[in-house]
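Notes to accompany the following structure.
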Amino acid sequence: QGLVDWSKISIRVREAFAQNVYDKLVRLTDDEILQFRRNIRAVLSDLIYPSRRQTGKAVDRAEDLLWNLMQRRANHSFHDVPLLNSSQNKPYPQAISASEQDIPVKDDICLALQMTPDRLSMLAKVAKLWEGSIVAIVLIRADMNMDYVNDVRQDFYRTVMAAVQSKKPAGGEGAASSDSGSLRLEFYRSPSEWKYYPVNALRNIALQGCAQVSQFAITVDVDFVPSKHAFRLLQGHAAKFLSADSPRRALVVPAFETSDLRLTVKGQLEDCFVEGYRFDDKFRQRQTKRTESLIWPFDQKRSTTGHRATNSEYWMKATAPYNVDYRWGWEPYLLVRAPFPVYDETFVAYGQNKVMYAYELMAAGFEFVVVPDVYLLHAHVDPDKHVSAPNPKQHQVGWSCWADFVVRIQDTYGVRIPTPCWAAKYVYPEVTTMYQDRCISNSKDLKMINLHRDLNVIK
């Protein structure tokens with residue numbers, strides 16, 4: 001019938017569909033993969049293109065996936081849930097440990113937080129709900145008025161101490177072993193030369209504080225509120241899944257956001273949460289106007305990659321912890337055991353600063369287990385407009401350092417996950433226009449100054 005001129009035909013493939021194809025590919029036998037690759041080459045030989053660039057990124061992507069899969073098959077065995085990586089002979093990530101003088105509480109779980117002073121009211125809300133230790137690092141910009149900072153600090157402590165006193169039991173019954181968890185607040189001033197918010201440097205300082213008081217830590221953004229009994233439930237999961245015999249395992253705490261202010265402003269978390277997450281007859285999230293879900297995975301409306309691997313639809317009906325595989329772009333909130341892997345401090349401001357963490361743990365051979373009965377809910381809203389408050393950010397800053405990070409991970413662990421095609425089409429042209437090939441970060445020759453710390457406010 002002759003050859004087809006494919007230059008006149010356009011085919012669009014959604015990222016979700018590509019991932020579904022990949023999920024099926026990992027289950028093929030070696031012989032089936034070899035045959036698949038031969039079929040792809042045969043198809044290409046029957047296509048006519050004016051230039052090599054039009055041979056189709058989807059076909060090249062499929063060939064790359066198959067080749068990488070064959071390479072991994074040569075070195076690692078596969079299980080019922082396909083493992084994309086193995087910890088065998090891989091170094092442990094750079095990590096933070098307790099010093100000899102520290103005595104971490106065995107069953108405490110520490111929240112590692114970082115923020116600016118205007119978010120201290122959010123910290124007060126989190127402190128009311130969290131029964132374990134909290135280490136919160138507050139960044140003071142060089143041009144910030146210290147009188148304002150001190151006023152906010154005093155208001156914060158009045159709110160927190162009133163809440164703590166109101167929830168303490170009259171007697172000693174029912175008190176958890178970590179009811180003596182402390183709230184540590186540390187203030188750091190950034191150098192005037194620093195242009196960007198040092199988010200990962202602050203996270204590492206918080207983790208250092210957590211290492212002094214606890215064997216377990218979870219790094220959370222302060223505008224996320226934990227669900228009811230989150231601390232006690234995570235204690236049980238940590239005891240079961242994060243033993244000393246399983247150092248390369250992390251617990252995933254799902255994150256959601258909502259358009260229903262009852263869930264974040266009025267505090268009716270448990271009453272409305274499951275009711276707000278609506279499904280169709282195939283247990284998929286509803287998006288129609290009349291039955292649109294009031295709750296959805298965090299940031300899903302802006303990017304589907306951030307929490308897709310958590311599989312929130314499955315989580316809604318899960319009754320036990322379940323394993324998930326890493327997917328590119330995943331940025332979950334992870335509970336880990338000491339020594340705590342550190343965040344790459346090269347990443348500043350906005351973009352890829354949490355994505356890099358899961359990527360490196362995956363490369364180091366970590367296993368990811370989602371807990372079925374704990375969640376975080378994004379609570380930073382604008383009550384006047386009843387919508388999420390506007391937050392203009394430049395994601396190009398984080399992306400400018402991504403290529404260098406991927407090279408470091410490949411050199412360290414021998415693992416590389418291909419960056420999606422949409423990044424090459426939509427993201428990197430902007431990054432190159434703005435920053436050429438430079439990684440945008442703060443000067444490493446300058447350090448933050450520890451102004452003062454408020455230690456051991458007993459919760």
Side-chain angles (χ1 to χ4, degrees), residues 92-115 119-120 123-124 126-140 153 156-157 160-161 164 175-190 198-222 224 226 230-232 234-235 237-239 241-244 246-251 253 333-345 354 357 361 447-459:
Y92 195 84
Q94 182 182 350
I96 294 172
S97 302
S99 66
E100 294 181 359
Q101 293 77 25
D102 298 325
I103 306 177
V105 178
K106 183 177 181 180
D107 60 349
D108 189 15
I109 298 175
C110 179
L111 280 186
L113 306 172
Q114 46 73 34
M115 70 200 74
R119 296 296 183 92
L120 281 171
L123 175 58
V126 172
K128 293 178 187 178
L129 296 170
W130 188 255
E131 300 170 63
S133 294
I134 297 176
V135 175
I137 310 301
V138 184
L139 182 73
I140 310 300
R153 173 174 166 267
F156 163 75
Y157 274 113
V160 168
M161 295 311 297
V164 169
S177 59
S178 53
D179 274 346
S180 59
S182 63
L183 170 60
R184 172 186 295 186
L185 198 60
E186 296 190 26
F187 291 82
Y188 280 77
R189 182 183 289 277
S190 61
V199 55
N200 280 356
L202 297 174
R203 284 173 174 149
N204 287 339
I205 295 173
L207 284 174
Q208 184 68 65
C210 284
Q212 299 172 9
V213 297
S214 175
Q215 291 185 357
F216 306 99
I218 177 171
T219 305
V220 178
D221 294 326
V222 72
F224 280 85
F231 173 74
R232 312 256 179 145
L234 286 175
Q235 275 186 314
H237 294 309
F241 292 101
L242 300 182
S243 66
S246 304
R248 303 201 193 208
R249 182 179 288 158
L251 296 182
V253 180
Y333 292 98
L334 300 173
L335 173 60
V336 294
R337 182 186 178 91
F340 306 136
V342 301
Y343 286 78
D344 189 330
E345 296 184 10
K354 289 200 304 293
Y357 197 66
L361 295 193
K447 303 296 181 182
M448 292 179 286
I449 300 173
N450 190 337
L451 298 180
H452 58 78
R453 58 172 63 171
D454 300 320
L455 292 174
N456 298 328
V457 177
I458 303 301
K459 297 167 63 227

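Values below: all heavy atoms of this structure, side chains included; hydrogens, waters and symmetry mates excluded.
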If you take all heavy atoms of L251 and A238, which pair is closest and at what distance? CD1-N, 3.9 Å
Report yes if the side chains of L123 and V138 come closer than 4.5 Å at any heavy-atom pair, otherwise no. no
What are the two closest non-hydrogen atoms of A244 and P247, and how far apart are they? O-CD, 3.6 Å
Nearest 0.5 Å, please: how far is OG in S190 from NZ in K447? 14.0 Å
Is there side-chain contact between P93 and V342, with heavy atoms separated by less than 4.5 Å? no
CG (D107) and CZ (R232) are apart, to the nearest 0.5 Å, by 10.0 Å
What verdict does the side-chain contact (heavy atoms from CB on, under 4.5 Å) test give for V126 and V220, after you've listed the backbone C-alpha separation in whole Å, the side-chain angles of each residue and the deciding distance to 0.1 Å? CA-CA 10 Å; V126 172; V220 178; over 6 Å; no
Side-chain donor/acceptor of S182 to backbone N/O of S133, under 3.5 Å: no
What pair of heavy atoms forms the shortest contact from I96 to Q208, and how long is it? CG2-OE1, 3.3 Å
Return the minimal non-hydrogen interatomic distance between A211 and A98, and the atom names on each side. O-CB, 3.1 Å
L207 and T219, any side-chain heavy atoms less than 4.5 Å apart: yes
Under a 4.5 Å cut-off applied to non-hydrogen side-chain atoms, are W130 and I109 in contact? yes
Which atom pair, heavy atoms only, marks the closest approach of M115 to A136? CE-CB, 3.6 Å
How long is the straight-line distance from OG of S214 back to CZ of R337, given to the nearest 0.5 Å? 9.5 Å
So, do F231 and D108 sit near enough that their side-chain heavy atoms are less than 4.5 Å apart? yes
To the nearest 0.5 Å, how far apart are CD in E345 and CG in L202? 8.5 Å
For residues F216 and I218, determine if any side-chain heavy atom of one lies less than 4.5 Å from a side-chain heavy atom of the other. no
Any donor-acceptor pair under 3.5 Å from Q114 side chain to A206 backbone: no
Within the structure provided, determine whether L139 and M448 are in side-chain contact (heavy-atom separation under 4.5 Å). yes
Minimal non-hydrogen separation, Y357 against V336, with atom names: OH-CG2, 4.3 Å
Distance from E186 atom CD to I137 atom CD1, nearest 0.5 Å? 4.0 Å
Residue pairs meeting salt bridge (Lys or Arg N to Asp or Glu O under 4.0 Å), one or both in residues 198-218, sequence neighbours left out, come to R203-D221
CZ of F340 to CD of Q94, rounded to nearest 0.5 Å, is 15.0 Å
Do Y188 and P198 have side chains that get closer than 4.5 Å, going by heavy atoms? no
